[in-house]
*Asks:* 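Structure incoming, see below.
Keep in mind that what you see is a predicted model, and the values were worked out from it rather than measured.
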Amino acid sequence: MDTDKKAPEYLEAAKIFEEKWRKNWEKENLFKTLSPTDKNFDAAKPKKVILDFFPYPSGYGLHIGHPLGYIATDVISRTYRMMGYNVLHSMGFDSFGLPAEQYAIQTNRHPRETTAENVANITRQLKFLGFDHDDDARFLSSEPEYYKWTQWLFLKLYDSYFDEGENWTDSLGNKVKGRAKPVADLRKKLKDGEWRQNVLGEIAPKDDKKFTKIVPEDKIEEVIDANRLAVLKNVDVNWCPGLGTVLANEEVTADGRSERGNFPVYRKPLKQWVLRITCYADRLYDDLKLIDWPRGVVEIQREWIGPSQGALVSFIAEDGSKLNVFTTRPDTLPGVTFVAVAPEHPLAVKYAGEAAKKMVSLARNRAYDDKSAHNGVFTGQYVMHPITGAKIPVWVGDYVLSGYGEGAVMGVPAHDQRDFEFAHRFDISIVPVIEPSQEWLKENAPEGASEDLNALYLRDAGSFKASYEGDGKIIAGLAGAEEFASLPNREALKKICEKLEALDKGSTKKTYRLRDWLFSRQRYWGEPFPVVYDVETGKTYALEEDQLPVLLPEVTDFRPVTSDDKDADPVTPLGRVTDWVKVKGIITENGKVKITDAPNAKDFVRDTNTMPNWAGSCWYYLRYFDPNNDNAFVSKEAEQYWAGKQNGAIDLYVGGAEHAVLHLLYARFWHKVFYDLGLVSTPEPFQKLFNQGMITADAFRDSRGFYVDVDLVEEKEENGKRVAYHKETGEKLSIDPGKMGKRYKNGISPEDAAMRHSTDALRCYMMFLGPLDSTSPWREAPIVGTERFLTSVWKLVHRDDLDTSDAPADAESERLVHKTIESVTKDIMALHLNTPISTMMILANALSQQKNPKKEHVEILIRLLSVYTPFMAEEIYDTVPSFTLPEGIKSVAFLPWPKWDEAKTAVTEMKIIVQINGKKRAEFMMPAGASDKEIEDEALKQDAVIRHIDGKEIRRLIHIPQKEWKVLGIVV
RNA sequence: GCGGAUAUGGUGGAACUGGUAGACACAACAGACUUAAAAUCUGUUGGGCUUUAUGCCCGUGCCGGUUCGAUUCCGGCUAUCCGCACCA
């Protein structure tokens, strides 16, 4: 080994100094974020809130894929901090819920224990990577200090109703339709008769003519309960006996299994807490315009909300009652030949009895992806067509979904493929309404049709291969619909709607695919509901605020009751804790309950369900603004400063694409409710969302097909191909590209990689892999490139010939340095975190080759680089004599970010590219100030140019100035 | 089926508003240093042609279009990935 080195080699040194700085930063709590309520807070500075998705504390710790996004937000937040912003970048843990609980069950330990352990482990891993998180803002969603506020916010939803008719303009100037308000307002309006009921029991202001019935005094609380944003409802739920709990629609996969654990899910009616997210469907849809999110996520949310403009149409039954259907194609109304209702529909239950019941159970157990023949049964009932007056049979069809629209459809077999198939199967007539195009007729005509296709279609549309779902003219001569004859169908649609409206047999209506959010889980590890039920009356009461938190009881048996039996009933683990469930309390003047043993106390029971794991993550980002506040979920001052005056409170939110609808939709919903109630000041939670890509990994298998631990694999290159061998047996292994995970034996711990190459090199390398949103496979070998880069920077800094004088630097290296600052700064702001490394490599290479590189230039490089390599930068400022931190600055993290001087980036000589007919033919240098004429003259002297013009006439000369070169286009 | 995204050398990728395609790296090859190897340094590296040049042709998934000029814009395909999928 070389002993006369002045400084140790970079890698060797990094092993020691990285550990030193880790300890030092933790001891100093260097990244403590001051809040507006703190003494030394500087409110004059601009703010940036940069967050990663709330991680759950997995028992397996972080693998190499996890830190990608975390490193990115760390680089960005460090850059903003150096630029003089107050930066909020923190990370807590979403520690309640299924993942944590399943892990506890598998390891046969209490979730409180495993959670604490996993959090400690991951926190250590995060610190290892040098992230600038604030340790004082590292809360867990399963701590009572935190979930007290989750319960408090749930009660806000419980205590609110949605006033659809309220149109208002918010403080940012956005026009908003509908608003959540306290139920106390509603109570007053109902008492005063300001709001009344219609025949369906819906409520609205009395100026609507259909709302005439004043709600009787003794029914008011019942009406209010039905209109709360959190309601207890009997609903068809996704029951997952394998997990022992019900699940939200968003947690069930397309093939009818649980997203967690992959157990089968069945439909079952149960009384559950439901959050009425559908009230916000329009705003959740429209407000996607207000924020800067990836197009894909926006589209997924739009599709999930799924608004659909159509009409409600009433068919009149023999007893005079109305059977409503929803349709998006009122223009096809004259072609209705049957009405089909879902097996769960009241009419089906009433008239099809056992047959419908059987269908319900068949449909419920039917595989989600089974699109084969549908079942149907005739109810024996008929209804009257609203326009033609024809007698229409009512069928029960299991292709009709009970949860969408009215749970009933009008059957137009000629123009809807599902109705077409149903009509064929049950021999129902098919009446065409719209003339198909000639091409369609040719394509779909029955085999061997010889007569005129138009005539054949009119006579027997059912003989064609499919229903016609396109546009066209209304066929003339339809009985009862003569007035629409020959109209284009889109026009007829409007006219038919008008007519229905006039007859009071229909109205235009918008429906949504979005369903209300099922909010109860029959699990232990979650937030208990802050409500109790009166044992005597069964009435629901919210607890008084000062009763919060409702602590999750300590139990030894926290296991859910799971089963393979789809008919098993849910049993809640909390239901077993009888002395927790049974309480005594008094009803206060607010109509809430206070738990007490006072002599006049009544008997109550607690709700034994818990909230789903999404509850805690619906508002955690707000808690970072004021993480240790005992008096409020967030203080007004903190919220207003950090959220700022924009549509979304969080400036940058980085995480994987897998939460496109779950967390990101739920959090938007809660945020909007809080916004309506004046608890937060922005209409949206997340201004800019960024989905980082995945790190995939290759797995290796031996000849028996067993996975081989990556540590035992040696990769080589043979004939340009990558091959893998077993390190011990020498056996050639097959390479499976794919996802990283424990079962593939290819999980690589980021600390191990950091130990091998230095944390700074790992951070750089992960950013250098490619654009932040691209998915790339993990390869460890190429990291030597970044390792070499850091080594050369380390050597550069330690050179003893650095020019520390005040002498001006030469213009060319000045230019390179300022160009580098500009390019690195702009790229980081644009979240292009791979290209700054290349740019800095170019600068480092150039400086290394100079004779006496200016120390000032080297220092600029180190400051820019410090956001990627905080350890090395800190060590340089601590140990290299010519690098010193200014008075009062504790760390490189607080050094000012270098600024570029536009004048210094200018070139003195321009490269001129000559293109002839668009092809580059010559290039030469000219002084930057050269005129177009001078450039042309010089260009025409070039041999290559003369050769390619070849005596032809010059028709056009085009000058295109670029930043550092000019293009002269010659057209001949 | 519907919706979204992606496609550039052996590999990861760069090219910012239509103007030098392949920056920066990895790998590979050659050379220097070394007894040797590692490390380090230097050079070559999209394909082809010839007259070896300040040369020519081809080349950014495929076909076509707009333009003096297209990786970039437009139309039509193909492949891969992701999401949704009885939504009336």
Side-chain angles (χ1 to χ4, degrees), chain A residues 2 9 254 294-304 306-308 310 325-329 332 340 366 368-371 374 397-401 403-412 415-419 421 511-515 657-658 660-661 691 694 717 719-722 765 768-771 773-777 779 781-786 788-789 791-792 795 823 826-827 830 832 834-842 845 911-924 942-944 947 955-958 960-972:
Chain A
D2 221 338
E9 287 289 354
R295 197 187 158 79
V297 177
V298 170
E299 289 308 320
I300 289 171
Q301 289 219 347
R302 291 211 167 121
E303 221 167 275
W304 193 265
S308 179
V325 303
F326 174 74
T327 178
T328 54
R329 294 292 303 274
T332 64
R366 184 189 179 96
Y368 273 61
D369 57 352
D370 181 3
K371 291 192 183 106
H374 282 282
D398 67 358
Y399 75 102
V400 185
L401 301 175
Y404 183 76
E406 299 294 310
V409 301
M410 57 185 217
V412 187
H415 303 296
D416 181 282
Q417 190 59 26
R418 291 153 307 185
D419 297 345
E421 280 159 22
T511 55
Y512 303 90
R513 281 176 53 185
L514 183 70
R515 310 292 160 79
E658 68 276 10
V661 282
N691 290 133
M694 266 191 334
E717 186 149 318
N719 307 324
K721 276 192 173 172
R722 226 158 49 88
Y765 176 60
F768 190 55
L769 277 176
D773 55 0
S774 69
T775 289
S776 27
R779 299 261 164 70
I783 197 174
V784 297
T786 39
R788 284 177 196 149
F789 165 52
T791 303
S792 76
K795 278 187 184 158
S823 159
K826 286 182 174 169
D827 280 350
H832 299 152
N834 51 335
T835 44
I837 309 227
S838 312
T839 313
M840 290 187 283
M841 280 173 170
I842 294 169
N845 290 344
K911 185 188 271 185
I912 310 296
I913 310 289
V914 187
Q915 292 180 347
I916 297 172
N917 289 346
K919 277 195 172 163
K920 181 188 159 190
R921 294 301 179 185
E923 66 175 62
F924 54 88
Q942 303 282 316
D943 285 348
R947 199 166 58 241
R955 287 165 43 201
R956 197 135 69 94
L957 290 166
I958 309 156
I960 306 108
Q962 299 293 313
K963 255 187 241 157
E964 292 176 17
W965 72 87
K966 276 187 175 176
V967 174
L968 171 63
I970 302 177
V971 187
V972 298

*Asks:* Could you work out the separation of rG59(B) and rA70(B) based on their P atoms and round it to a whole Å?
*Replies:*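 About 11 Å, rounded to a whole number of Å.
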*Asks:* Has the side chain of Thr775(A) got a donor or acceptor atom that lies under 3.5 Å from a matching backbone atom of Met694(A)?
*Replies:*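 Indeed, once roles are kept as given, a pair shorter than 3.5 Å links the two residues.
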*Asks:* With both distances kept under 3.5 Å, what pairs with rA79(B), Watson-Crick or G-U wobble?
*Replies:*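 rU6(B) is the nucleotide pairing with rA79(B).
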*Asks:* Remember a base hit wins even if backbone is also touched, and classify Asp943(A) as base, sugar-phosphate or nothing at under 4.0 Å, heavy atoms.
*Replies:*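 If one applies the 4.0 Å heavy-atom cut-off, Asp943(A) turns out to touch nothing in the nucleic acid.
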*Asks:* List the atom of Lys795(A), the atom of Glu9(A), and the distance in Å for their closest heavy-atom pair.
*Replies:*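 Taking Lys795(A) first and Glu9(A) second, the nearest heavy atoms are CE-OE1, 4.3 Å.
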*Asks:* So what does Arg295(A) touch, heavy atoms closer than 4.0 Å: a base, only the sugar-phosphate, or nothing?
*Replies:*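 Sugar-phosphate only.
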*Asks:* Watson-Crick or G-U wobble partner for rU71(B), using a 3.5 Å limit on both distances?
*Replies:*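 By the stated definition (distances under 3.5 Å), nothing pairs with rU71(B).
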*Asks:* Of the options rA88(B), rC68(B), rG13(B), whose atoms approach the side-chain atoms of Ser776(A) most closely?
*Replies:*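 The nucleotide sitting nearest to the side chain is rG13(B).
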*Asks:* Contact class for Asn845(A) (heavy atom, under 4.0 Å): base, sugar-phosphate, or nothing?
*Replies:*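 Since only primed, P, OP1 and OP2 atoms lie under 4.0 Å of Asn845(A), the category is sugar-phosphate.
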*Asks:* Within the 4.0 Å heavy-atom criterion, would you say Ile960(A) contacts the bases, only the backbone, or no part of the nucleic acid?
*Replies:*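 Here Ile960(A) touches the bases of the nucleic acid.
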*Asks:* Using both distances under 3.5 Å as the test, list the Watson-Crick or G-U wobble partner of rU60(B), or none.
*Replies:*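 Here rU60(B) is not engaged in any pair, so there is no nucleotide opposite it.
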*Asks:* Taking any strand in view, what nucleotide pairs with rC16(B) in a Watson-Crick or G-U wobble way, both distances under 3.5 Å?
*Replies:*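 Answer to the pairing question: none, since rC16(B) forms no Watson-Crick or G-U pair.
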*Asks:* Report the nucleotide, chosen from rG4(B), rC24(B), rA88(B), that has the shortest atom-to-atom distance to any side-chain atom of Met841(A).
*Replies:*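 The answer is rC24(B).
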*Asks:* How close do Arg513(A) and Arg515(A) get, counting heavy atoms only, and between which atoms?
*Replies:*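 For Arg513(A) versus Arg515(A), the nearest heavy atoms are O-NE, 3.2 Å.
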*Asks:* Of the options rU20(B), rC16(B), rC26(B), whose atoms approach the side-chain atoms of Lys963(A) most closely?
*Replies:*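 Selected nucleotide (nearest to the side chain): rC16(B).
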*Asks:* Is any side-chain heavy atom of Thr332(A) less than 4.5 Å from a side-chain heavy atom of Met410(A)?
*Replies:*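 Result yes, sub-4.5 Å side-chain heavy-atom pair found.
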*Asks:* Taking atom C1' in both rU72(B) and rU6(B), compute the distance separating them and give it to the nearest angstrom.
*Replies:*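 Taking atom C1' in both rU72(B) and rU6(B), they lie 15 Å apart.
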*Asks:* With C1' as the reference atom in both, quote the distance from rA7(B) to rG61(B) in angstrom, rounded to an integer.
*Replies:*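 Straight-line distance between the two C1' atoms is 6 Å.
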*Asks:* Roughly how many Å is it from CG in Asp827(A) to P in rC16(B), rounded to a whole number?
*Replies:*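 Those two atoms, CG and P, are 11 Å apart.
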*Asks:* Which residue lies toward the 5' end of RNA chain B, Ser823(A) or Ser774(A), if each is placed at its nearest nucleotide?
*Replies:*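 Closest to the 5' end, via its nearest nucleotide, is Ser774(A).
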*Asks:* Considering only rG13(B), rG19(B), rU20(B), which nucleotide approaches the side chain of Lys911(A) most closely?
*Replies:*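 Ranking rG13(B), rG19(B), rU20(B) by closest atom to the Lys911(A) side chain puts rU20(B) first.
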*Asks:* Can you tell me, in whole Å, how much space there is between the P of rU42(B) and that of rC26(B)?
*Replies:*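 Approximately 12 Å lies between the P atom of rU42(B) and that of rC26(B).
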*Asks:* Given the P atoms of rG69(B) and rG19(B), what is the spacing between them in whole Å?
*Replies:*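 Pairwise P distance, rG69(B) against rG19(B), rounds to 15 Å.
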*Asks:* For Phe768(A), answer base if it contacts any base atom (sugar-phosphate contacts may also be present), sugar-phosphate if it contacts only those atoms, and nothing otherwise; contact means non-hydrogen atoms under 4.0 Å.
*Replies:*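 Base, at least one base heavy atom under 4.0 Å.
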*Asks:* Indicate whether OP1 or OP2 belonging to rG12(B) is found under 4.0 Å from a side-chain N or O atom of Asn834(A).
*Replies:*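 No, no such contact exists.
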*Asks:* Side chain of Thr835(A): nearest nucleotide among rA14(B), rC24(B), rG83(B)?
*Replies:*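 Closest of the options to the side chain of Thr835(A): rA14(B).
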*Asks:* In whole Å, what separates the C1' atom of rG12(B) from that of rG64(B)?
*Replies:*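 Pairwise C1' distance, rG12(B) against rG64(B), rounds to 32 Å.
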*Asks:* What's Arg788(A) touching, base or sugar-phosphate or nothing? Going by heavy atoms closer than 4.0 Å.
*Replies:*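 Here Arg788(A) touches the backbone only, sparing every base.
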*Asks:* How is Arg947(A) classified with respect to the nucleic acid when contacts are heavy atoms under 4.0 Å: base, sugar-phosphate, or nothing?
*Replies:*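 Sugar-phosphate contact only - Arg947(A) comes under 4.0 Å of backbone atoms but never of a base.
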*Asks:* When you get a sec, tell me which of rA88(B), rA23(B), rU20(B) is the closest nucleotide to the side chain of Phe326(A)?
*Replies:*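 Among rA88(B), rA23(B), rU20(B), the one nearest the side chain of Phe326(A) is rA88(B).
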*Asks:* When the distance from CD1 of Ile837(A) to P of rA25(B) is rounded to whole Å, what number comes out?
*Replies:*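 So the CD1-P distance, Ile837(A) to rA25(B), works out to 12 Å.
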*Asks:* Could you identify the nucleotide paired to rG1(B), looking across every strand shown and requiring Watson-Crick or G-U wobble geometry with both distances under 3.5 Å?
*Replies:*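 Answer to the pairing question: rC84(B), which forms a Watson-Crick or G-U pair with rG1(B).
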*Asks:* Using a cut-off of 4.0 Å on non-hydrogen atoms, how would the nucleic acid contact of Lys919(A) be classed: base, sugar-phosphate, or nothing?
*Replies:*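 Contact class for Lys919(A): sugar-phosphate only.
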*Asks:* Atom OH of Tyr404(A) to atom P of rC84(B): distance rounded to whole Å?
*Replies:*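 These atoms are roughly 18 Å apart.
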*Asks:* Closest approach of Tyr404(A) and Ser308(A), non-hydrogen atoms and distance?
*Replies:*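 Heavy-atom minimum between the residues: OH-CB, 3.6 Å.
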*Asks:* Under 4.0 Å, counting only non-hydrogen atoms across every strand here, what does Ile300(A) touch: a base, just sugar-phosphate, or nothing?
*Replies:*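 The residue Ile300(A) makes sugar-phosphate contact but no base contact.
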*Asks:* Rounded to the nearest Å, what distance is computed from the CG atom of residue Asp773(A) to the C1' atom of nucleotide rC81(B)?
*Replies:*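 So the CG-C1' distance, Asp773(A) to rC81(B), works out to 14 Å.
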*Asks:* Please tell me if Thr839(A) has a side-chain N or O lying less than 4.0 Å from either OP1 or OP2 of rC24(B).
*Replies:*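 Answer is no, no contact under 4.0 Å.
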*Asks:* Under 4.0 Å between any heavy atoms, over every strand shown, what does Val400(A) touch: base, sugar-phosphate, or nothing? Just pick one.
*Replies:*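 Base contact.
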*Asks:* Hey, does Arg921(A) reach any base, or is it just sugar-phosphate, or nothing, if we go heavy atoms under 4.0 Å?
*Replies:*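 Here Arg921(A) touches the backbone only, sparing every base.
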*Asks:* For the residue pair Asn691(A) and Pro294(A), what are the closest heavy atoms and their distance?
*Replies:*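 Where Asn691(A) meets Pro294(A) most closely, the heavy atoms are OD1-CG, 3.5 Å.
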*Asks:* If I take atom CD in residue Glu923(A) and atom C1' in nucleotide rA21(B), what distance separates them, rounded to the nearest angstrom?
*Replies:*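 It works out to 14 Å between those atoms.
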*Asks:* Does rC33(B) have a Watson-Crick or wobble partner in any strand here, with both distances under 3.5 angstrom, and which is it?
*Replies:*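 Answer to the pairing question: none, since rC33(B) forms no Watson-Crick or G-U pair.
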*Asks:* Can you find a donor-acceptor pair, distance only, under 3.5 Å between Gln962(A) side chain and rG19(B) base?
*Replies:*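 In this structure, the two groups form no donor-acceptor pair.
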*Asks:* Would you check if the side chain of Asn917(A) reaches a backbone N or O of Val972(A) as a donor-acceptor pair within less than 3.5 Å?
*Replies:*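 Confirmed, Asn917(A) side chain pairs with Val972(A) backbone.
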*Asks:* Pick base, sugar-phosphate or nothing for Asp419(A), based on heavy-atom distances below 4.0 Å to the nucleic acid.
*Replies:*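 No contact at all - Asp419(A) keeps every heavy atom at 4.0 Å or more from the nucleic acid.
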*Asks:* Which one is paired to rG55(B), where only Watson-Crick or G-U wobble pairs with both distances under 3.5 angstrom count?
*Replies:*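 In the structure as shown, rG55(B) has rC49(B) as its Watson-Crick or wobble partner.
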*Asks:* Over how many whole Å does the gap from Gln915(A) atom CD to rG69(B) atom C1' extend?
*Replies:*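 That distance rounds to 6 Å.
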*Asks:* Among rG83(B), rG13(B), rC68(B), which nucleotide sits nearest the side chain of Asn917(A)?
*Replies:*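 Closest nucleotide among those given: rC68(B).
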*Asks:* Go through rC68(B), rG19(B), rA85(B) for me and flag the one nearest to the Trp965(A) side chain.
*Replies:*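 Nearest to the side-chain atoms of Trp965(A), counting from C-beta on, is rG19(B).
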*Asks:* With syn defined as a glycosidic torsion within 90 degrees of 0 and anti otherwise, which applies to rG13(B)?
*Replies:*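 Anti.
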*Asks:* Sticking with atom P, work out how far rA27(B) lies from rU51(B), rounded to a whole angstrom.
*Replies:*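 Nearest-Å result for rA27(B) against rU51(B) at atom P: 37 Å.
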*Asks:* Starting at the 5' end of RNA chain B, which residue's closest nucleotide do you reach first, Gly785(A) or Pro771(A)?
*Replies:*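 Taking each residue's closest nucleotide, the earlier one in sequence belongs to Pro771(A).
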*Asks:* Checking contacts here: which listed nucleotide (rC84(B), rA88(B), rU20(B)) is nearest the side-chain heavy atoms of Trp304(A)?
*Replies:*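 Comparing rC84(B), rA88(B), rU20(B) against the side chain of Trp304(A), the answer is rC84(B).
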*Asks:* Just name whichever nucleotide pairs with rU44(B), Watson-Crick or G-U, keeping both distances under 3.5 Å, else none.
*Replies:*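 Here rU44(B) is engaged in a pair, and the nucleotide opposite it is rA28(B).
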*Asks:* Within the structure provided, determine whether Asp419(A) and Tyr399(A) are in side-chain contact (heavy-atom separation under 4.5 Å).
*Replies:*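 Asp419(A) vs Tyr399(A): side chains touch.
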*Asks:* Mind checking Leu769(A) for me? I need base, sugar-phosphate or nothing, with any heavy atom below 4.0 Å counting as a touch.
*Replies:*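 Sugar-phosphate contact only.
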*Asks:* Side chain of Val784(A) only, please: which of rA27(B), rA88(B), rG4(B) is the nearest?
*Replies:*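 Taking heavy atoms from C-beta onward, the closest nucleotide is rA27(B).
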*Asks:* Tell me, do Val325(A) and Glu406(A) make a side-chain contact under 4.5 Å, heavy atoms counted?
*Replies:*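 A side-chain contact is absent here, since even the closest heavy-atom pair is not under 4.5 Å.
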*Asks:* Do the non-hydrogen side-chain atoms of Ile783(A) and Phe768(A) ever get within less than 4.5 Å of each other?
*Replies:*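 They are not in contact (no side-chain heavy atoms under 4.5 Å apart), so the answer is no.
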